[in-house]
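Presented below is the structure to which this report refers.
We're numbering straight along the sequence, starting at 1. Just so you know, ligand 1 is whichever comes first in the structure, and atom 1 is the first atom listed for that ligand.
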Amino acid sequence: MTRYKKRKKRRNPIIDFMLAGAVIALTAAVVFFIVSGNDSKKTKEPELAASDISKENSTFEGIRIVADVSNDPKIPFALHYPETDSSEFNKKVLSYVKSAKKEFLAAMDNETEDNELGELNITLETYPHKDNFYSFVLAKTMSTNSADEKTTYKTFLYDKEQAKAVNIATLLDNNTDALELLADNVQTNLSDNEELKNALIADKVETLTAPKWENFERFSIEDDALKFYFNDYELTASANDTPTVSIPLSFVDPILAERFQAGEVAATNILTPKPRELDPNGKYVALTFDDGPDPNSTKQILDLLDKYNAKATFFLLGNRVQYYPEMVQEEFKRGHEIGNHSWSHPQLTKLNVEQVQQEVNRTDDAIKAAIGQPSSVFRPPYGAINDTVRAQIPTPVELWSIDTLDWKHKNASMLLPAVQNAMHNRAVILMHDIHQSTADGLDSVLAYLQGQGYEFITVSEMNALPKATN
Ligand code: ZN
């Protein structure tokens with residue numbers, strides 16, 4: 001044993017040298033193997049298909065169109081997508097295009113029949129908005145031997161000025177109330193479509209139009225419309241019925257974040273309360289409140305109206321709207337109608353045309369600033385109206401049929417008798433929400449009218465009622 005050890009110690013240096021060499025070579029081989037293994041994985045992707053990539057300028061400055069077309073007849077594809085001056089934005093687009101390509105090639109790899117071919121196409125549509133936003137709609141159509149042709153959509157909204165992508169939450173200013181209104185509108189838009197009525201799968205429509213941000217990520221915006229895209233077989237059993245929902249921009253404008261607003265708002269828009277279907281033979285009353293808003297008494301009145309599930313109409317003074325816009329928002333949010341009652345409560349018949357216009361328009365501007373849309377009805381102070389004044393008013397002019405004289409008696413206990421003594425079906429009752437006595441006397445008025453079987457509606461709803469048939 002001793003000898004053996006000694007012999008080992010005295011091993012020939014040439015052997016040591018060779019052993020060391022072998023270790024180095026082996027390590028190098030392993031390293032090479034790992035590196036080249038990684039390398040082949042990395043380089044494999046672009047090699048999936050030989051393709052020609054070309055770029056050309058679009059009609060929109062700073063937007064280029066990339067065409068990626070396969071030269072391999074066994075895996076034919078033609079992909080078109082946008083390129084902007086923002087590398088971050090371009091990365092998002094490229095990542096989508098790459099994954100589409102990968103999915104297609106993987107699907108083709110699984111195909112057993114060599115003689116038949118699948119196909120992948122991505123087409124690009126570009127919609128400009130306000131000379132700064134570009135919606136890119138990428139429609140991907142893919143087919144393989146074993147799967148029918150199917151079109152799916154991917155959209156990107158590009159903000160040129162900020163050089164970044166915009167999602168639906170940003171478009172709606174991260175407002176979940178706006179999302180709910182939008183979701184509701186898209187759902188109605190689908191279910192009201194006569195052509196689609198029988199094709200739509202109700203469960204799927206409900207799930208995919210639920211008020212969740214991710215349900216509305218596929219959209220485009222242009223100067224006259226906001227569009228939402230659905231994939232084949234997402235809402236219908238047949239690809240022929242795949243819908244696109246297009247909403248006029250003037251309808252949704254009020255719920256867009258300011259920088260996306262085109263500024264034109266339709267008289268009936270997404271914020272307009274839906275007209276209720278009312279039985280013309282029912283008993284109706286329109287409660288109206290003038291001269292507000294007031295931060296205290298108006299609030300009390302709003303809570304009472306909620307208690308009786310009553311909708312009313314508020315005729316506002318512009319010079320008060322500017323101080324209490326949040327009270328106007330509250331009235332509007334709770335489903336009441338917003339009317340214009342002039343800026344400073346003058347007798348309009350004594351003013352010249354220009355002054356009348358100013359009283360009316362200034363108030364509408366203040367209302368619009370508060371709730372995103374102008375008033376829908378007008379009531380002249382003191383009921384003073386003539387043809388010249390009327391010609392300056394863009395909305396229907398509404399007077400009243402019962403005056404409670406609440407401004408005169410300012411007595412809570414006198415409000416109910418004033419209503420009781422004059423009550424009739426389809427009455428329009430005049431009150432003032434700036435008086436605490438009116439707020440205090442309202443509960444008994446609401447209780448009485450409800451007990452008499454009256455339903456509380458807005459003046460516009462009252463105007464829209466057809467004549468009773470019995
Ligand atoms: Zn008044």
Side-chain angles (χ1 to χ4, degrees), residues 285-302 304-305 310-325 327-328 330-332 336-352 355-368 370-371 374-390 392-412 414-415 418-419 422 427-442 445 456 458-460 462-463:
V285 57
L287 304 178
T288 66
F289 298 93
D290 291 9
D291 299 0
D294 179 273
N296 301 312
S297 46
T298 302
K299 175 75 174 55
Q300 190 179 331
I301 286 170
L302 284 171
L304 280 170
L305 292 171
K311 298 293 175 249
T313 306
F314 290 87
F315 289 97
L316 309 172
L317 287 179
N319 68 17
R320 296 186 68 90
V321 171
Q322 65 172 341
Y323 293 119
Y324 310 113
M327 199 47 69
V328 184
E330 200 60 34
E331 290 170 346
F332 187 66
H336 304 295
E337 183 161 31
I338 302 300
N340 182 331
H341 193 44
S342 82
W343 180 265
S344 59
H345 213 272
Q347 211 163 325
L348 296 175
T349 45
K350 291 185 176 169
L351 304 184
N352 66 35
Q355 288 169 317
V356 171
Q357 286 172 342
Q358 218 191 352
E359 284 285 331
V360 175
N361 298 339
R362 217 176 147 195
T363 302
D364 264 348
D365 287 346
I367 290 173
K368 205 172 157 187
I371 61 167
S375 62
S376 47
V377 282
F378 183 86
R379 174 174 284 166
Y382 316 103
I385 187 96
N386 58 26
D387 288 348
T388 314
V389 172
R390 204 180 285 269
Q392 312 311 318
I393 317 285
T395 60
V397 171
E398 305 291 341
L399 299 177
W400 56 88
S401 70
I402 296 176
D403 187 352
T404 59
L405 299 175
D406 61 338
W407 56 274
K408 207 168 167 185
H409 56 66
K410 288 190 187 158
N411 182 336
M414 285 177 75
L415 197 64
V419 171
V428 177
I429 300 179
L430 169 62
M431 290 175 276
H432 296 80
D433 54 319
I434 43 162
H435 300 309
Q436 186 56 43
S437 54
T438 299
D440 291 341
L442 187 64
V445 170
F456 306 96
T458 66
V459 287
S460 286
M462 190 71 92
N463 289 341

- prompt: With a cut-off of 2.8 Å, does any N, O or S atom of H341 fall short of it relative to the Zn ion (ligand 1)?
  reply: yes

task: Verify the distance test for D291 against the Zn ion (ligand 1): any N/O/S atom under 2.8 Å, yes or no.
output: yes

- line: The salt bridge (Lys or Arg N to Asp or Glu O under 4.0 Å) partners of D364 (sequence neighbours excluded) come to none

task: State, without any angle test, whether N319 and S344 hold a side-chain donor-acceptor pair at a distance under 3.5 Å.
output: no

message: Quiz question: by atom type and distance under 3.5 Å, do the side chains of Q392 and E359 form a donor-acceptor pair?
response: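 No, E359 and Q392 have no side-chain donor paired with an acceptor closer than 3.5 Å.
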
query: What class does the angle between the rings of F314 and F289 fall in, given that below 30° is parallel, 30 to 60° is tilted and above 60° is perpendicular?
result: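 Parallel: the ring planes of F314 and F289 meet at under 30°.
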
Identity of the N, O or S atom of H345 lying closest to the Zn ion (ligand 1):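 It is NE2, the N, O or S atom of H345 closest to the Zn ion (ligand 1).
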
